[in-house]
Protein chains: 2
Amino acid sequence: MAEARSVDTRERILDAAEHLFMAHGYEGTSMRQITGEAGVNLAAVNYHFGSKESLMQEVFRRRLDWLNEERMRVLNAMEAEAAGKPLKPSQIVDGFFGTLLRMAGDEKRGGVTFLRLLGRTLTEPSEFIRAFLAHEYKVVMDRYKEALFKALPEVPKAEIVWRFHFMLGATSYAIAGTDALRLVTDWQIEEEDSTDRLDRLVPRLMSFLLGGLRSPLPQFSDAVADSK
Amino acid sequence: MAEARSVDTRERILDAAEHLFMAHGYEGTSMRQITGEAGVNLAAVNYHFGSKESLMQEVFRRRLDWLNEERMRVLNAMEAEAAGKPLKPSQIVDGFFGTLLRMAGDEKRGGVTFLRLLGRTLTEPSEFIRAFLAHEYKVVMDRYKEALFKALPEVPKAEIVWRFHFMLGATSYAIAGTDALRLVTDWQIEEEDSTDRLDRLVPRLMSFLLGGLRSPLPQFSDAVADSK
DNA sequence: CTATGATTCATACGTTCGTTTTAATCATAG
DNA sequence: CTATGATTAAAACGAACGTATGAATCATAG
């Protein structure tokens, strides 16, 4: 079997697709752009992946498989160490979001490009993408939610789920918008080079997420006089 | 001038476009879908708006003009009341994000549909949309950032800008993902009807945002031994 | 060296896209 | 009632899309 060339071609296509999907979105990227940037023939995508949709899924699977396994490894290790006792919220948050962010420093795992793609894709309208991501994420997400339930027994589960959701959003923006929202915020802050910025983003975001997660519970205006 | 029909048509197109852009994204929505749902002729969009891009801009302008003016009104009123003294962070956050969220309860102003569209679009890849939104947002954003700088004089400005960014992300997800991430999180929480959910979302999110905003400042690992 | 299967290539297919054109229809002013 | 300008309608445009086809090219097994 002659796989030497095809592996190269596959990888080149995945890299180009990852980059272009990040920059222009799924619908906004054409097969001709992808094969053009990858320097391969137009038909190569359908030959190696079958379709554009399958290519997109493979782009994500290539990175998410590792990420989710790593998250599982980290959580398992922490829970083994704790020996049945609840984990600290900061541990759990770091296991889920910190692992993700540290992935950005690893160019072998896609670096910031994939992280930005992921950040943007979580709000992507395309149905099949959301369904695919939901499926890929579900098992890990459930484990981390359970850990949070255990770590914060006095907080209603609904509240924890909401705050997990908020944390996802803040993280997604922190990644995706590292340059996207620079336009909006205009920054005017002392410039840091990108690796430096990433190093500092982790503690910055982590501090914000933990502050939000441990914030006092909201008081609903109908808390006493409940109408229904 | 016979404007009776054209106003109806314009509005019908804008409503359909708002809904479809929210559901399938800008690139994922075709002119034929829009005119089909609006019940108007295909050529009507180009007649009334000139192009698909201009239509998209008009969809946003119709809502954002009011929103940003309202945000300005609220901020001006609060600052007038404070008479030079710094505002409370909770006031500022509520003025910016609370105003946005309460817009969702106002069906005349687009309701949840527009809010979801906005949430998703802030991470939209299309260049012209981001540029347009940045332009529309800049003035208001700057005023609110200044207010936060004044309210939190002991916090470095860079940190405030980052946290504003994080808050935007959390809010965006809170809106856009009200059903998008239901797949991912699987919820399994007691179901609330949608108006009830929105009523409760505001204090929930506000509590999270304020917790994050006022969280202890992050400690950078190189804080003491600075290499450069 | 040749045969074989994997891969690459140029090219074309059928659709759908946003936009444009030209004619029909409408509301209203004179 | 008729003329006029605004709006709607039907049809078509070229371009770009994702995909499929069949021949050329490659690496390797026998």
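If you're wondering where the values come from, they're calculated on a predicted model, not measured in any experiment. Each chain gets a letter, A, B and so on, in the order its sequence line appears, and its residues count up from 1.
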Report task. Look at A/T9 and C/dT8 and indicate whether a side-chain polar atom (N or O) is within less than 4.0 Å of OP1 or OP2. Result -> yes
Report task. May I have the distance from A/K52 (atom NZ) to D/dC17 (atom P), rounded to whole angstrom? Result -> 9 Å
Query raised in the report: Closest to the B/Y47 side chain: C/dT19, D/dG18, D/dA6?
Result: D/dA6
Hey, can you pull the donor-acceptor pairs under 3.5 Å for the side chains in residues 99-115 of chain B, sequence neighbours left out?
residue : atom : partner : partner atom : Å
B/T99   : OG1  : B/G95   : O            : 2.5
B/R102  : NH1  : B/D94   : OD1          : 3.4
B/R102  : NH2  : B/D94   : OD2          : 3.0
B/D106  : OD1  : B/K108  : N            : 3.1

Query - Phosphate-side-chain proximity, B/S30 and C/dT16, N/O vs OP1/OP2 below 4.0 Å - result: no
Query raised in the report: Does a salt bridge link A/D8 with A/R12, judged by any charged N lying under 4.0 Å from a carboxylate O?
Result: no
**Report entry** Spacing between B/L42 atom CG and C/dT20 atom P, to the nearest angstrom
**Finding:** 12 Å
Query - N or O in side chain of A/H48 less than 4.0 angstrom from C/dT8 OP1/OP2 - result: yes
Report task. Name the nucleic acid region contacted by A/S54, choosing base, sugar-phosphate or nothing; use a 4.0 angstrom heavy-atom cut-off, strictly under. Result -> nothing
Query raised in the report: Do side-chain atoms of A/S207 reach the backbone of A/P203 as a donor and acceptor pair under 3.5 angstrom?
Result: no
Requested in this report: Take the protein atom CZ of B/R32 and the nucleotide atom P of C/dT20, then report the distance between them rounded to whole Å.
Outcome: 13 Å
Report summary line: Re C/dG30: Watson-Crick or G-U wobble partner, both distances kept under 3.5 Å, found to be D/dC1
Report summary line: Taken to the nearest whole Å, CG/A/L20 to P/D/dG18 is 12 Å
Query raised in the report: Considering only C/dC17, D/dA10, C/dT19, which nucleotide approaches the side chain of B/A43 most closely?
Result: D/dA10
Query raised in the report: Phosphate oxygens OP1/OP2 of C/dT7: is one of them under 4.0 Å from a side-chain N or O of A/N41?
Result: no
Query raised in the report: B/Q33 CD to C/dC17 P: how many Å, rounded?
Result: 7 Å
**Report entry** Member of A/Y144, A/Y137, A/F96 meeting the ring-ring contact (aromatic ring centres under 6.0 Å, His included) criterion with A/F164
**Finding:** A/F96
Query raised in the report: Could you state the CG-P distance from B/N46 to D/dT7, rounded to the nearest angstrom?
Result: 15 Å
Query raised in the report: In Watson-Crick or G-U wobble terms, both distances under 3.5 Å, what is the partner of D/dT25?
Result: C/dA6
Query - Value in whole Å for how far the P atom of C/dT16 lies from NE2 of B/H24 - result: 16 Å
Query raised in the report: How about B/F128 and B/Y26: are their ring centroids closer than 6.0 Å?
Result: yes
Report summary line: In whole angstroms, the gap separating P of D/dT19 from CD1 of A/I34 amounts to 10 Å
Query raised in the report: In Watson-Crick or G-U wobble terms, both distances under 3.5 Å, what is the partner of D/dA15?
Result: C/dT16
Report task. Answer with base, sugar-phosphate or nothing: what part of the nucleic acid does A/T35 contact at a heavy-atom distance below 4.0 Å? Result -> nothing
